[in-house]
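Below you'll find the structure, written out as structure tokens, and then a few comments.
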Amino acid sequence: MNGTSKGACVIGHPIAHSRSPMIHGYWLKQLGLEGHYNREDILPENFALFVRSLREHGYVGCNVTLPHKEAAFQLLDRASPRAQQLQVANTLWFEGDVLCGDNTDVEGFVANLDERAPQWDKNLKKAVVLGAGGAAASIIVGLQERGATDIRLVNRTYEKAEILAKRFGTSVHPTRWTELTDSFDDADILVNTTSLGMKGQAELDVDLDLLPLKTLVTDIVYVPLETGILRQAKQRGNPIADGLGMLLYQAVPGFEHWFGKRPKVTLELRALIEDNIKGLSA
Ligand code: NAP
């Protein structure tokens, strides 16, 4: 690091376990670029001030994660169409003095499936989405853009599914948790967007017996890499895709904005992060 080296960061609270520094550090090294990428643990009450003074802190831009994604959108001078659509931003950069922002989670979600389950969207019609939190909106948009015409949005708190479904049109059907397995009929894809199954959280307790064997099962939780629902799906013969690639692909546009080169999601990068995750989940 030196005085002319560009810097970026990820802002969140908590942020200690973020793998973004590993990802961007790998790309900086691989592309032979001078630069650095830090974690910044910022409380919600200090977030706006920190973002407004990003450049004084030596940063040309940042990623934003929980719990700041909505606040980040509110601070933008110019929001990408995607950020406007979702009303959240996870990637910020400057164009002159203009603070610009994008949401790259949709791109990350679909790019991961394109890589891990090629042709997943061929004849895509029906999707079952578990969870109606912050990440679910991006998943719904990604599924709709790839052709899904019937999305069952299943959430523990039904009212939240209702509110979210209304934002995305009549193809999204809010569904009660107790009706989950009834929604499996003819599903092309099942996506877990709840935090269940993540290390430190309760298991996602879902019986897949009624799920068609053709249904692609994917989880956006990536610690552990193979969550309980993915293990269960694999054992009964369903195709599966884990969520690590979503994290890797959503990082690409930010790196390009800040450091001027579009990085690649390589097998080597994936292996690096996998090793880190496996070390922690062992
Ligand atoms: P969030 O806004 O907090 O939403 C959490 C969701 O999980 C809600 O739908 C919530 O249901 C549900 N949930 C939590 N505990 C539950 C329980 N005991 N039983 C049933 N449902 C429960 O979180 P988020 O931002 O959407 O993120 C969700 C997960 O996705 C996190 O693990 C996050 O790390 C992961 N993620 C991964 C990527 C990636 O790049 N791969 C990107 C974004 C997020 P209620 O509405 O009923 O509370």
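We count ligands from 1, going down the list as the structure has it; atoms in each ligand are counted the same way. If you're wondering where the values come from, they're calculated on a predicted model, not measured in any experiment.
Applying the 6.0 Å contact sphere to CG of Leu213 captures more than 12 heavy atoms from other residues, nucleotides or ligands.
Atom 3 (O) of ligand 1 is not flagged as protein-proximal [any protein heavy atom, distance under 4.0 Å]. Contact annotation for atom 42 (C) of ligand 1: protein present (non-hydrogen atoms, distance under 4.0 Å).
Between Asn192 and Thr227, the side chains place no donor N or O within less than 3.5 Å of an acceptor N or O (distance only, hydrogens not considered). When only modelled atom types and interatomic distance are considered, His257 and Thr91 share no side-chain donor-acceptor pair under 3.5 Å. Donor-acceptor pairing under 3.5 Å is lacking for the side chains of Glu179 and Trp177. The closest side-chain donor-acceptor pair between Tyr249 and Asp114, if any, does not fall under 3.5 angstrom.
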Step-by-step salt bridge (charged side-chain N to carboxylate O under 4.0 Å, His left out) determination, Arg231 to Asp219: CA-CA 11 Å; Arg231 196 165 48 248; Asp219 199 330; over 6 Å; no

Test salt bridge (charged side-chain N to carboxylate O under 4.0 Å, His left out) applied to Lys278 and Glu226, step by step: CA-CA 10 Å; Lys278 282 177 187 158; Glu226 192 170 279; over 6 Å; no

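Counting heavy atoms only, Arg156 comes closest to atom 15 (N) of ligand 1 of the residues Glu203, Gln201, Arg19, Arg156. If you check each of Asp219, Val129, Asn90, Asn155 against atom 8 (C) of ligand 1, the one with the closest non-hydrogen atom is Asn155. In the candidate list Thr194, Asp242, Leu196, Thr218, Leu196 is nearest to atom 20 (C) of ligand 1, counting heavy atoms.
Both the backbone and the side chain of Met246 come within contact range of ligand 1, each with a heavy atom under 4.0 Å. Proximity of Leu247 to ligand 1, defined as any heavy-atom pair under 4.0 Å, is shared by backbone and side chain alike.
Remark: ligand 1 and Ile220 share an N or O pair separated by less than 3.5 Å (distance only, no angle test). For Thr157, a nitrogen or oxygen atom sits less than 3.5 Å from a nitrogen or oxygen atom of ligand 1, counting backbone and side chain alike. An N or O contact shorter than 3.5 Å links Gly134 to ligand 1 by distance. Between Gly243 and ligand 1, at least one N/O pair is under 3.5 Å apart. Checking only distances, Ala136 never comes within under 3.5 Å of ligand 1, N or O to N or O.
Ion pairing between Arg167 and Glu162 fails under the 4.0 Å rule for side-chain N and carboxylate O. Here Asp185 does not pair with Arg152 in a salt bridge; the nearest charged N to carboxylate O distance is not below 4.0 Å. The pair Arg78-Glu95 meets the salt-bridge criterion, with a side-chain N (NZ, NE, NH1 or NH2) lying under 4.0 Å from an Asp/Glu carboxylate O. Between Arg39 and Asp41, no side-chain nitrogen of the basic residue sits less than 4.0 Å from a carboxylate oxygen of the acidic one, so the salt-bridge criterion is not met.
Protein heavy atom nearest atom 26 (O) of ligand 1, with residue, atom name and distance: Ala135 N, 2.8 Å. Atom 34 (O) of ligand 1 has as its closest protein heavy atom Met198 SD, 3.8 Å. Looking at atom 28 (C) of ligand 1, its nearest protein heavy atom turns out to be Thr193 O, 3.2 Å. Counting only heavy atoms of the protein, atom 14 (C) of ligand 1 lies nearest to Ser195 OG, 3.6 Å.
Proximity to Gly131 (heavy-atom distance under 4.0 Å) selects the following atoms of ligand 1: 9 (O). Less than 4.0 angstrom separates some heavy atom of Val221 from each of these atoms of ligand 1: 32 (O). Near Tyr222, meaning under 4.0 Å from any of its heavy atoms, are these atoms of ligand 1: 39 (C), 41 (N).
In this structure, Gly108 does not count as a contact residue of ligand 1, since none of its heavy atoms falls inside 4.0 Å of the ligand. Using a 4.0 angstrom heavy-atom cutoff, Lys160 counts as in contact with ligand 1.
Across Ile151, Ile139, Leu143, a single residue satisfies side chain to side chain contact (heavy atoms under 4.5 Å, CB included) together with Ile189, and that is Leu143. Trp120 pairs in a side chain to side chain contact (heavy atoms under 4.5 Å, CB included) with only one of the listed residues (Leu113, Asp188, Thr218), which is Leu113.
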